[in-house]
K.L.:
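The following block contains the structure, expressed as structure tokens.
Note that the structure is a prediction, hence the values are computed from the model and not measured.
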Amino acid sequence: MIYSNDDPMAIYAMESERTGDYGDYDDQYEICPVCGACKPEFYYMDEDEECIGCSECVYKTEFLF
């Protein structure tokens, strides 16, 4: 996004890009309740709308153990 030089968000955008969002804790709720993975790509839900895992801890296989 492009900001003008007198826009207060320009400083925030530059610092956020420079630091890689270090210290940005707004995403603290995007943690898998099953395995604890931070910012998974997607979640798996069952019929009761309960999380059963995420893209980090649930995987597809052709064989049953």
Side-chain angles (χ1 to χ4, degrees):
M1 178 170 266
I2 299 174
Y3 294 97
S4 64
N5 287 339
D6 58 351
D7 189 348
M9 289 302 292
I11 295 172
Y12 176 78
M14 287 185 289
E15 287 299 303
S16 177
E17 183 67 29
R18 182 182 70 83
T19 61
D21 290 331
Y22 178 78
D24 186 11
Y25 298 109
D26 292 338
D27 297 327
Q28 66 182 346
Y29 298 107
E30 292 186 20
I31 297 175
C32 176
V34 177
C35 70
C38 184
K39 295 184 182 179
E41 189 174 340
F42 48 88
Y43 297 95
Y44 291 100
M45 308 293 277
D46 65 3
E47 296 85 19
D48 299 326
E49 297 287 324
E50 293 183 22
C51 182
I52 58 170
C54 70
S55 57
E56 300 293 323
C57 63
V58 177
Y59 58 92
K60 183 179 178 179
T61 183
E62 294 180 15
F63 304 103
L64 185 60
F65 297 107

K.L.:
Could you identify which residues cluster with Phe42, counting Ile, Leu, Val, Met, Phe, Trp and Tyr as linked when any side-chain heavy atoms lie under 4.5 Å apart, either directly or through a chain of such contacts?
P.N.:
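ILVMFWY cluster around Phe42 also holds Tyr44, Ile52, Val58.
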K.L.:
Closest heavy-atom contact between Tyr43 and Cys51?
P.N.:
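Closest heavy-atom pair between Tyr43 and Cys51: CD2-SG, 4.0 Å.
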K.L.:
For a quick test of reading the model, state the closest non-hydrogen atom pair linking Cys57 to Gly53 and the distance between them.
P.N.:
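Cys57 and Gly53 have their closest heavy atoms at SG-CA, 3.6 Å.
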K.L.:
Among residues at least two apart in sequence or on other chains, which ones pass side-chain contact (heavy atoms from CB on, under 4.5 Å) with Glu47?
P.N.:
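Checked Glu47 against side-chain contact (heavy atoms from CB on, under 4.5 Å); zero matches.
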K.L.:
Is a side-chain donor or acceptor of Asp46 paired with a backbone partner of Asp48 at a separation under 3.5 angstrom?
P.N.:
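Side chain of Asp46 to backbone of Asp48, a donor-acceptor pair under 3.5 Å: yes, one is there.
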K.L.:
Please report the closest heavy-atom contact between Ser55 and Glu41, naming both atoms and the distance.
P.N.:
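Distance-wise, the nearest heavy atoms are OG-N, 3.1 Å.
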